[in-house]
Amino acid sequence: MKILKNTHTAGLLPVISAAAILAVLLAFPHFVKTPYTLHMMILFFLSIIMGESWNILGGYTGQYSVGHAAYFGVGAYTTMMLMQFKHVPPWFGMWAGMAMVVVVALIIGSICFRLRGPYFVLASIAVAEIIRLSAMNLNGITNGAEGILATEIMPLKIGGLVITDFMTKVPFYYIGLGFALITILANYMVQHSKLGYCFQAIREDQDAAHSLGINLTVYKNIALVISAVLTSLAGSFYAIYVGFIDPPTVLGLDTSVQIVLICIIGGIGTILGPVIGSLVLVPLSEALRSNMIAHGIFMTGLVSEQSAVGTFLKENLGHAHALIYGILVVIVILFMPDGVLGFIKKMLQKKMP
Amino acid sequence: MAIFLQSLISGVLIGGVYALIGIGLTIIFGVMRVINFAHGDILMIGMYLTYELFTLFHIDPFVSILITIPVMFLFGGLLQKIFINRIQGALPQNQILLTIGLGLIMSNTMMLVYTSNYKIITTSYSSDSFKILQSVINPDKFESLYNKGNALYFKAVSAGGDKAALLESAEKDYAEALTVKSDQSRGMNNLGVSLTALAALKSGQERDRLFNQADEQFSKAAPLSEDDFEVSYNQACALAAHAAVKTGAEADDLFARAFEKYKNAADSRPDSYDLFSAWAAGLYRQAQLKQGSEADALYAEAYEKYLTAKENNPAETEAAATVEQQAPRPLAEMKSDLAAAYGNYTLSYRLKPDSREAGISVSTPLAICFVITMVITIILYWFLMKTDTGQAIRATAQDRDAAQLMGINVKRMAIIAFGIGSALAGTAGALVSPTYYIFPQIGSMFTLKAFVITVLGGMGSIFGATLGGIIIGVAESLGAVYISSGWKDVVVFILFLLVLVFKPSGLMGKSKM
């Protein structure tokens, strides 16, 4: 509600700044050509897509699903399997993935939405685990624990014209940006529609919403389907961009937790929350992964790179990049229960009463 | 039936540990209304603690729980005081996320310290097992008699004592086993073997009778057996042994039949050392009974088998090669070689291998583990039911506000409850460490199992958690045997969902959440 009011009162400023940011992002690959920077941006977009998708169910409707890896993974697997085994181009496979996810989401919804609070959380985890274990065991269909490696991506053609052959990171950059915008737009629309008000009523008080004539099961399922379809988009994009998927990486509990954390850290139930969360998480976890933190420690001179501790840090710090998720989430829950965004807002309000 | 009971028992044994994990989670939930997502990670820390105690101080994992329990209790208490306490009364989602975060910190810190390599605690009893219910659980009477016969036969062959008496009782057991199930070639084969061995100890008519009976058994066994190597070999040996005590045409007949059987056996296993030695020995015996060129031909044939046997013996392969290069050898040398090899040759027989043992095999570490979990569970029940602190914990779990009004220090109870929960998880970690791989990410598997167990039993119910643990252990074990080990966790999760949907309060739960 607050954001809605702000946009109206603050007038054109947010629109202009959004347009400016968009213009910069659109022009970005023309000025920055280093693959690593583009890679980081793509990871950033991916994280936004995942976070914003979860936000519709978890943020607006208040249903904390810790099983979103199910939709991410089903999307990734459908697209990848169609591409590798049936030679269906990913931009068609993606739709098949979404259709598949709608089916899966409705099945999961019909089971899990009978439950509330912690029980819903546990049920969502259980369903995602069943899907992961199935992908693991159905060797004939999914290639099991070996995973699927993309050997070739068909060039995107319209008519006879080749739009892109996916040889560089630039097409992925624009696709990621596009998807991120779609999910942000979806959040905006949800927030400003009657549907979104119903979602938020369910979040605030399920029983009160029910007594007002809101059909809980129907609206929760609608929120789930929107959220799941967008998550499957993220999954398909991930599969094609990374080019390799296996059950633990796309269907594991860690993926589900990561999706939730993007929102929690940024601030749930807001459009900007997942963006802020991604801004915090992606660089930090990437810095750990690529050993930047270890190098930083060496630069301070506290530990020499050649010493036993130094080699140990260099070898192991990269493997523990999820550590940063843990530390961040503990800090956020204990000290900023409304996420980084909420924390900043509170600080600003204190300064400007 | 035996397989079913076997998996049922191993399921119950591992279920004891699961119960311990579930009880820990349920106590924490009962007192604090917080679902502890870091439960499996606490267990993982218990495993590493046990690992360190074992590698650094050589403390046995089962003894180390005396250290693990207080250490993990303190760890849990501190965790509660520093972190969990602050979110008491916050949104359940935030509580869940905080414990998820703590779990991530624990597993990733351990990964930083120990890397993600698997660690194993190898104790002297890690792979030991023992048998129970041997007299009760046998698929049928045949197996038990058959096994008894085998035991007697081996005793007769290996140890001294009254061989004849032992062999006679073995023979009786086999014969009785065959009256229960008359189509078992392994029973006939072994009966034949015991008869032959007995015959060798007797003389005169009785010996002939025994040899003939043995021959009859082997002949019956051969068509029933899938791989008739053993049967043919034993029959041939029995015939040769019989022939060796005869003379004239009678001996010739028996030898001829024996060699035919040796040939049959050689067809199915041309790389056998025993077979060719026995064959060569038989030919050598017959040659000794003959004269002139007939004998020479037999000597040559025996020598040929002797070389094949040598070739088949891995220990003598090189020697055989050098011998072959010198062939053809003069007859005298052949004779002396054969005399050296078969002068004092005794035939050995082959019992059909016994794959279907009676009784149920129980893993020793799991059995010890189960006994310890039972002791701990009983102590815990006693603590919660009889002591003041235990009653205060139960009062807090029932109604926090009322307990506070009654003067119970609710905050202290929460710390104690979290401490007990962590100590139980840590103990479970110590107890399973001899049978599981230890690695930093193992926690999430146990966390999920702990949820399934507690929800199944009813959140907050200690008896429910005990029951839930055993149900899950059995479901997993049966799922692994009757479906496949890959799908066993799916069985558990489906069970979980069914309970969540149809009886969310669990089997023992009172209040609907």
Side-chain angles (χ1 to χ4, degrees), chain A residues 58 62-64 66 108 110-112 114-123 125-134 136-139 144-145 248 252-254 257-258 260-261 264-265 268 288 312-313 315-317 319-335 337, chain B residues 29 33-35 37-38 41 82-83 86-87 90-116 440-441 444-445 447-448 451-452 454-455 459 483-498 500-502 504 513:
Chain A
Q63 306 299 310
Y64 274 55
V66 191
I108 294 181
S110 64
I111 300 171
C112 295
R114 291 155 177 257
L115 305 157
R116 290 185 183 185
Y119 291 89
F120 173 77
V121 174
L122 295 179
I125 295 177
V127 174
E129 279 295 295
I130 290 175
I131 294 179
R132 178 182 70 87
L133 289 165
S134 306
M136 204 80 163
N137 286 304
L138 293 171
N139 272 319
L253 181 59
D254 288 354
V257 170
Q258 197 187 331
V260 181
L261 293 192
I264 297 297
I265 289 169
I268 68 166
L288 262 180
F312 179 81
L313 281 180
E315 275 168 13
N316 294 322
L317 213 51
H319 296 299
H321 64 268
L323 185 61
I324 208 79
Y325 287 89
I327 295 172
L328 275 177
V329 89
V330 170
I331 293 173
V332 165
I333 297 282
L334 289 183
F335 303 110
Chain B
F29 179 82
R33 302 282 141 183
V34 168
I35 299 185
F37 269 73
D41 298 290
I82 300 171
F83 298 103
R86 290 166 186 261
I87 47 150
L91 284 174
Q93 292 89 325
N94 283 6
Q95 296 174 336
I96 289 173
L97 287 166
L98 180 76
T99 53
I100 289 181
L102 289 173
L104 280 176
I105 295 178
M106 285 181 220
S107 59
N108 281 283
T109 309
M110 291 319 248
M111 188 137 93
L112 206 61
V113 179
Y114 289 96
T115 72
S116 49
Q441 291 87 0
S444 59
M445 183 193 92
T447 307
L448 289 176
F451 294 150
V452 179
T454 35
V455 170
M459 278 278 186
I483 302 171
S484 83
S485 61
W487 290 102
K488 68 172 190 194
D489 289 337
V490 178
V491 175
V492 171
F493 284 123
I494 288 175
L495 200 65
F496 176 57
L497 282 181
L498 288 178
L500 269 182
V501 171
F502 294 109
M513 297 292 297

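In what follows, every chain begins at residue 1, and chains take the letters A, B, ... in the order their sequences are listed. Just the heavy atoms: all of them, side chains too, but no hydrogens, waters or symmetry mates, feed the values below.
Contact of B:Val452 with chain A is not made at all, since no heavy-atom distance falls under 4.5 Å. With a 4.5 Å cut-off on non-hydrogen atoms, A:Val260 touches chain B through its side chain but not through its backbone. Heavy atoms of A:Leu328 lying under 4.5 Å from chain B are absent altogether. Of the two parts of A:Val330, the backbone and the side chain both hold a non-hydrogen atom closer than 4.5 Å to a non-hydrogen atom of chain B. Contacts between A:Leu115 and chain B at a heavy-atom distance below 4.5 Å involve the side chain alone, from C-beta outward. Looking at B:Phe83, the atoms closer than 4.5 Å to chain A (heavy atoms on both sides) sit in the backbone and in the side chain alike. Using a 4.5 Å cut-off between heavy atoms, B:Val455 contacts chain A through its side chain alone, with no backbone atom that close. Heavy atoms of B:Ile35 lying under 4.5 Å from chain A belong exclusively to its side chain. Interface remark: A:Ile264 contributes side-chain atoms only to the contact with chain B (heavy atom separation under 4.5 Å).
Your options are B:Ile87, B:Leu448, B:Thr99, B:Val492, and the one with the most heavy-atom pairs under 4.5 Å with chain A is B:Leu448. Counting heavy-atom pairs closer than 4.5 Å to chain A, the top-ranked of the candidates B:Leu104, B:Val490, B:Leu500, B:Val501 is B:Leu500. Between chain B and the options A:Ile327, A:Leu334, A:Val329, the largest number of non-hydrogen pairs under 4.5 Å is found for A:Leu334.
Of all the heavy atoms in A:Asn137 and B:Gly486, the pair that sits closest is ND2-O, 2.7 Å.
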Margin query: Before you tell me yes or no, could you show the steps for A:Leu253 and B:Phe37 under side-chain contact (heavy atoms from CB on, under 4.5 Å), namely the whole-Å CA-CA distance, both residues' side-chain angles and the distance that decides it to 0.1 Å?
Written below: CA-CA 12 Å; A:Leu253 181 59; B:Phe37 269 73; over 6 Å; no
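Here A:Tyr325 contributes atom OH and B:Ile100 contributes atom CD1; the two are 14.0 Å apart, rounded to the nearest 0.5 Å. Distance CD/B:Gln441 to CG/A:Asp254: 8.0 Å, rounded to 0.5 Å. One finds the CD1 atom of A:Ile268 at 8.5 Å from the CG atom of B:Leu97 (value rounded to the nearest 0.5 Å). Annotation: the span from A:Leu133 atom CG to B:Lys488 atom NZ amounts to 10.5 Å, rounded to 0.5 Å. Summarising the geometry, atom CZ belonging to B:Phe496 is positioned 11.0 Å from atom CD belonging to A:Glu129; distances are rounded to the nearest 0.5 Å. Within the model, atoms CD1 of A:Ile125 and CD1 of B:Ile96 stand 7.5 Å from one another, a figure rounded to the nearest 0.5 Å.
Side-chain contact between A:Val127 and B:Phe493: absent, with no pair of heavy atoms (C-beta onward) separated by less than 4.5 Å.
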